[in-house]
Amino acid sequence: MRTPPESFLIFKEELEKARLEKDRLKKEYEVKLADMNKELSRLKEQIQSQQELIKTTMDYAIRLEENLGSFKEEVSNGKNNKNRTFH
């Protein structure tokens, strides 16, 4: 059996190096992608928490505004009733 030419052996060796490099890059890419997905999940969780906090704050502010309106009416009615009392 004839031995393959040297250029073929060199090409075969380079091809194997390229395949190994491709595998290495693929693993590196998968690790980076997994890290980015973890970070994205963390950021989504933070955004949801902040949205919930904003919603709670808005509900509280609306309730305070309604209570303030009721309080103003009570104060106004109290002044009117005070003027009508007889001592």
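Bear in mind that the values here come from a model prediction, so they are computed numbers and not experimental data.
Shown here are the side-chain hydrogen bond (donor to acceptor under 3.5 Å, both in side chains) partners of E16, two or more places apart in sequence or in another chain: R19. Considering only residues two or more places apart in sequence or on other chains, E21 meets the salt bridge (Lys or Arg N to Asp or Glu O under 4.0 Å) condition with R24. Residues forming a side-chain hydrogen bond (donor to acceptor under 3.5 Å, both in side chains) with E39 (at least two apart in sequence, or on another chain): R42. In this structure, the side-chain contact (heavy atoms from CB on, under 4.5 Å) partners of L33, at least two apart in sequence or on a different chain, are Y29, N37. For F8, the side-chain contact (heavy atoms from CB on, under 4.5 Å) test picks out P4, P5, K12, with sequence neighbours left out. Partners of E14 by side-chain contact (heavy atoms from CB on, under 4.5 Å), not counting sequence neighbours, listed by chain and number: I10, K17.
Sequence neighbours left out, the pairs with a member in residues 48-60 that pass salt bridge (Lys or Arg N to Asp or Glu O under 4.0 Å) are K55-D59. Annotation: salt bridge (Lys or Arg N to Asp or Glu O under 4.0 Å) contacts involving residues 60-70, sequence neighbours excluded, are absent.
Rounded to the nearest 0.5 Å, atoms CD (Q46) and OG (S49) are 7.5 Å apart. Here the NZ atom belonging to K32 is positioned 9.5 Å from the CG atom belonging to L25, to the nearest 0.5 angstrom. Rounded to the nearest 0.5 angstrom, L53 CG and Q50 CD are separated by 8.0 Å.
Grouped with I54 in one hydrophobic cluster are M58, the linkage being side-chain heavy-atom contacts under 4.5 Å among Ile, Leu, Val, Met, Phe, Trp and Tyr residues. Its side chain outside the 4.5 Å cluster rule for every partner, L20 clusters with none of the Ile, Leu, Val, Met, Phe, Trp and Tyr residues.
E30 CD: more than 12 foreign heavy atoms inside a 6.0 Å radius.
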